[in-house]
Amino acid sequence: MRVACYEDLMRRYENPMEHACDLREGQVFIANGWEKPKGLCDSAWESMSPFVMTLAHGGKNIYDGWMKNEKSAMISCNDGFRPVSFLIEALDEEV
């Protein structure tokens, strides 16, 4: 599946880029500390890393009851041309 994008805005404002976002629906990434998971773009990691670290260190209920799973967060990448959302969940086991 191709990531949704705003091609009209990209043509108007963005310099041409190869492989700006190669993510596919259903991909799973495992983060272990501050290290960005292999295959995840820098922009997405910059958006989600504070939430990943909070959950990894026992934080929960980040949105004050909004999420059904208190050890999770829904984060969107800050790339406005290719918006992608990520469900982040804390694992109970060591990776």
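Any value given below was found using the heavy atoms of this structure, including those in side chains, with hydrogens, waters and symmetry copies removed.
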- Item | Name of the residue among Met67, Met74, Met48 meeting side chain to side chain contact (heavy atoms under 4.5 Å, CB included) with Ile88 | Met48

Could you grab the distance from atom [atom1] of [X] to atom [atom2] of [Y], nearest 0.5 Å is fine?
X     : Y     : atom1 : atom2 : value
Glu7  : Arg82 : CD    : CZ    : 9.5 Å
Leu91 : Leu55 : CG    : CG    : 10.0 Å
Glu46 : Asn78 : CD    : CG    : 6.5 Å
Leu87 : Asn69 : CG    : CG    : 8.0 Å
Trp45 : Trp34 : CH2   : CH2   : 7.5 Å
Ser72 : Phe51 : OG    : CZ    : 12.0 Å

Heavy-atom pair of closest approach, residues [X] and [Y]:
X     : Y     : value
Phe29 : Gly39 : CE2-C, 3.7 Å
Met10 : Cys5  : SD-CB, 3.8 Å
Thr54 : Pro50 : OG1-O, 2.8 Å
Lys71 : Lys60 : CG-CB, 4.3 Å
Tyr6  : Gly80 : CD1-O, 3.4 Å

- For Tyr63, does the OH atom have more than 12 heavy-atom neighbours from other residues, nucleotides or ligands under 6.0 Å away? yes

- Task: Could you tell me whether the side chain of Phe86 reaches within less than 4.5 Å of the side chain of Leu23, counting heavy atoms only?
- Result: yes

- Report yes if the side chains of Ser43 and Cys77 come closer than 4.5 Å at any heavy-atom pair, otherwise no. yes

